[in-house]
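To start, the structure under review is shown below, and the notes come after it.
Chain letters run A, B, ... following the sequence lines, proteins first and then strands; every chain starts at 1. Keep in mind the model is a prediction, meaning the values are calculated, not measured.
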2 protein chains.
Amino acid sequence: MSRVDVRERILEAAGPVFAEKGFERATVREICQGARVNVAAVNYYFGDKRRLYVEVVKRAHHPAGDPNGLLQWSPGTPPEVKLRDCIRAMLARMLTERAPWQRQLMMREMLHPSFACRELVQLYIRARFGQLLEVLAEILPADVPVHKRHQIAFSVVGQALHYHVASAVVEVLVGPEERATHYGPEELADHIADFTLAALGLAPPVSKAGDREGGVKAGSDG
Amino acid sequence: MSRVDVRERILEAAGPVFAEKGFERATVREICQGARVNVAAVNYYFGDKRRLYVEVVKRAHHPAGDPNGLLQWSPGTPPEVKLRDCIRAMLARMLTERAPWQRQLMMREMLHPSFACRELVQLYIRARFGQLLEVLAEILPADVPVHKRHQIAFSVVGQALHYHVASAVVEVLVGPEERATHYGPEELADHIADFTLAALGLAPPVSKAGDREGGVKAGSDG
DNA sequence: AATTGTATCAAACAATTGTTTAATGTCAAC
DNA sequence: GTTGACATTAAACAATTGTTTGATACAATT
């Protein structure tokens with residue numbers, strides 16, 4: 001059993017454990033048991049638990065070459081379509097059960113950033129956020145200030161993230177049957193895309209409320 | 001030092017600790033130290049740590065009489081105003097630094113529900129969610145199906161919740177100065193309200209993009 | 001004053017954690 | 001074959017956790 005073998009097996013075993021339980025609740029004993037390796041091996045090869053965690057996070061960001069890259073579109077794709085694709089991908093990323101542990105780990109570090117690899121996780125987020133901002137730039141007028149663009153982007157992200165962090169609440173509020181029927185990734189992505197495009201003026205108001213007259217353009221008495 | 005004194009002091013000391021650290025990371029030693037009481041007192045009065053936690057959660061829901069009640073409006077208040085008020089209250093609830101420990105605890109139980117008091121926490125959420133649905137009912141046409149109403153409500157909640165759960169990410173992405181300038185509760189509430197009302201057709205599209213013609217009603221070549 | 005039941009306390013207990021140690025194993029180089 | 005550097009192991013260590021214990025203090029009752 002060569003030395004790289006053991007080191008590798010620890011890293012592979014540690015990934016899913018850290019992803020599922022987080023740094024604190026994961027135990028080196030469980031990791032070593034999963035890797036069929038002595039407990040002392042972690043300290044021997046990585047110094048301590050923290051440095052093992054850092055290595056695992058680094059691995060999660062570079063999963064063997066090309067990571068789950070950004071979206072690509074053929075030239076001329078309308079920005080509404082791009083936005084819809086962004087939202088669809090985002091939701092798929094967040095709602096997938098049995099997501100690969102790399103994604104779980106990144107999500108965990110995003111929501112509860114630990115000592116490890118700030119800049120690495122930041123890169124992971126920034127790439128996606130940047131792409132969303134680019135798509136929005138094709139939609140919004142040029143004079144929209146940067147902070148307003150950010151707020152709009154966060155409105156998109158927030159709608160999607162809600163179904164990740166508050167999934168338990170959703171289930172409780174709407175009941176299991178509606179949950180099973182109407183909260184699949186595709187339908188939710190469509191809703192969020194419709195909602196967002198309507199807010200941006202690129203689609204009719206949601207719920208076909210478009211036939212209500214007077215609301216939109218006329219400020220009425222305001 | 002009478003018996004109710006000690007029991008009370010433990011409950012009072014446990015509240016903030018559980019709210020800040022959660023059930024697992026909170027230690028009975030820290031709680032008892034804060035209450036200036038022997039460690040054994042928790043088990044003497046509550047049996048074990050779990051039952052103490054349950055008592056604390058119950059207390060958090062009934063903070064001595066009138067809890068932070070629902071919003072009230074004078075008759076005739078336009079639904080747009082009500083919705084804006086809902087969003088403002090929601091954001092204030094989520095963004096307040098140094099929030100009372102009762103709110104912190106409820107928020108924690110919402111996002112990471114534990115063994116304790118499912119139905120209690122559910123009541124807490126359901127009340128607010130129900131009020132939001134009532135306001136939406138005044139806005140949406142009657143034929144909008146119930147699941148669509150729920151999705152719309154979640155779009156509102158999600159936008160607000162995002163600034164609670166992903167506040168670290170927001171800071172990283174926009175930088176501390178923009179964060180300090182444009183992410184106060186009031187401005188965010190206004191943005192979310194504008195965004196939502198625009199999506200529902202009760203306000204012009206965000207960022208004054210209303211002067212872009214052709215986008216809305218014409219499906220163009222779709 | 002003696003008794004009784006409860007409250008409090010310091011200390012111990014048992015389990016789990018990350019980490020260290022000291023002995024043993026492995027295997028290539030000399 | 002011996003040496004020596006690295007790998008691996010079982011066991012112990014130290015710290016922290018929730019919980020239990022057995023003694024003691026106290027207050028009311030007999």
Side-chain angles (χ1 to χ4, degrees), chain A residues 1-60 101 105 108-109 112-117, chain B residues 1-60 101 105 108-109 112-117:
Chain A
M1 208 174 282
S2 78
R3 107 183 42 178
V4 339
D5 239 15
V6 170
R7 219 186 109 98
E8 204 65 25
R9 281 225 307 277
I10 293 177
L11 281 170
E12 285 174 11
V17 177
F18 279 136
E20 187 197 339
K21 311 202 166 182
F23 174 76
E24 309 213 321
R25 295 185 49 212
T27 73
V28 314
R29 279 179 169 81
E30 177 182 3
I31 291 170
C32 291
Q33 187 171 350
R36 286 167 320 193
V37 155
N38 191 278
V39 255
V42 161
N43 299 329
Y44 183 79
Y45 282 104
F46 298 94
D48 56 4
K49 189 187 176 187
R50 289 167 71 102
R51 271 173 284 188
L52 166 61
Y53 185 71
V54 172
E55 285 302 311
V56 170
V57 174
K58 284 182 184 167
R59 286 251 169 155
W101 64 265
L105 196 61
R108 190 179 279 278
E109 275 292 322
H112 304 102
S114 73
F115 52 89
C117 306
Chain B
M1 209 173 279
S2 76
R3 110 183 41 177
V4 341
D5 239 17
V6 170
R7 218 186 109 98
E8 204 64 25
R9 281 227 306 278
I10 293 178
L11 282 169
E12 285 174 11
V17 177
F18 278 136
E20 186 196 341
K21 312 202 168 182
F23 174 75
E24 308 213 320
R25 296 186 48 211
T27 73
V28 314
R29 278 180 169 81
E30 177 182 2
I31 291 170
C32 291
Q33 189 172 349
R36 286 167 320 194
V37 154
N38 190 278
V39 255
V42 161
N43 299 333
Y44 183 80
Y45 282 103
F46 299 93
D48 57 6
K49 188 187 178 188
R50 288 168 72 101
R51 271 172 285 188
L52 167 61
Y53 185 71
V54 172
E55 286 302 312
V56 170
V57 174
K58 284 183 185 170
R59 286 252 168 152
W101 63 265
L105 196 59
R108 190 178 279 278
E109 275 291 322
H112 303 101
S114 73
F115 51 89
C117 307

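Remark on DNA chain C: of its neighbouring residues R25(A) and G47(A), the 5'-side contact belongs to R25(A), judged by nearest-heavy-atom nucleotide.
Straight-line distance from the CG atom of D48(A) to the P atom of dT20(C): 8 Å, rounded to whole Å. Put simply, CG on N43(B) is 10 Å from P on dG18(D), counting in whole angstrom units. Here dG18(C) presents its C1' atom at 9 Å from CZ of F23(A), a figure rounded to the nearest Å. The separation between E8(A) atom CD and dA7(D) atom P is 15 Å, rounded to whole Å. Across the protein-nucleic acid pair, I31(B) atom CD1 and dT16(D) atom P stand 17 Å apart, rounded to whole Å. Spacing between atom CD of Q33(A) and atom P of dT9(D) amounts to 14 Å, rounded to whole angstrom units. In this structure, the CG atom of D5(B) is 16 Å from the C1' atom of dC26(D), given to the nearest Å. Taking atom CZ of residue R7(B) and atom P of nucleotide dT8(C), one finds them 12 Å apart after rounding to whole Å.
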L52(A) and N43(A): CA distance, side-chain angles, deciding distance, side-chain contact (heavy atoms from CB on, under 4.5 Å) verdict: CA-CA 9 Å; L52(A) 166 61; N43(A) 299 329; over 6 Å; no
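Once rounded to the nearest 0.5 Å, the distance linking CD1 of I10(B) with CZ of F46(B) reads 5.5 Å. We find the CZ-CG distance between R29(A) and N38(A) to be 9.5 Å, quoted to the nearest 0.5 Å. Put simply, CD on E12(A) and CH2 on W101(A) are 9.0 Å apart, with the number rounded to the nearest 0.5 Å. Note that NZ of K21(B) and CD1 of I31(B) are 10.0 Å apart. Values are rounded to the nearest 0.5 Å.
Remark: E24(A) does not engage K49(A) in a salt bridge, criterion side-chain N to carboxylate O under 4.0 Å.
Closest approach of V56(A) to A14(A), counting heavy atoms only: CG2-CB, 3.8 Å.
Using a 4.5 Å cut-off on side-chain heavy atoms (C-beta onward), L11(A) and Y45(A) make no contact.
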Any protein N or O atoms within reach of nucleotides 10-13 of chain D? Criterion: under 3.5 Å, listing atom names and distances.
{"unit_1": "dA10(D)", "atom_1": "OP2", "unit_2": "N38(A)", "atom_2": "ND2", "d": "3.3"}
{"unit_1": "dA10(D)", "atom_1": "N7", "unit_2": "N38(A)", "atom_2": "ND2", "d": "3.2"}

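For V28(A), the listed nucleotide lying nearest its side chain is dG18(C); candidates were dG18(C), dT8(C), dT19(D).
Between the side chain of D48(B) and the backbone N or O of R51(B) there is at least one donor-acceptor pair closer than 3.5 Å. Proximity of a side-chain donor or acceptor of R108(A) to a complementary backbone N or O of E20(A) within less than 3.5 Å is detected.
Taking only side-chain nitrogens and oxygens, Y44(A) comes nearer than 4.0 Å to OP1 or OP2 of dA7(D).
Ring-plane geometry between F23(A) and F18(A) is classed as parallel, the angle between the planes falling under 30 degrees on a 0 to 90 degree scale with a further cut at 60.
Rounded to 10°, the angle separating the first-five-pair axis and the last-five-pair axis of the helix from dA1(C)-dT30(D) to dT16(C)-dA15(D) equals 30°.
Within residues 12-19 of chain B, no residue approaches DNA chain C, by heavy-atom distance under 4.0 Å.
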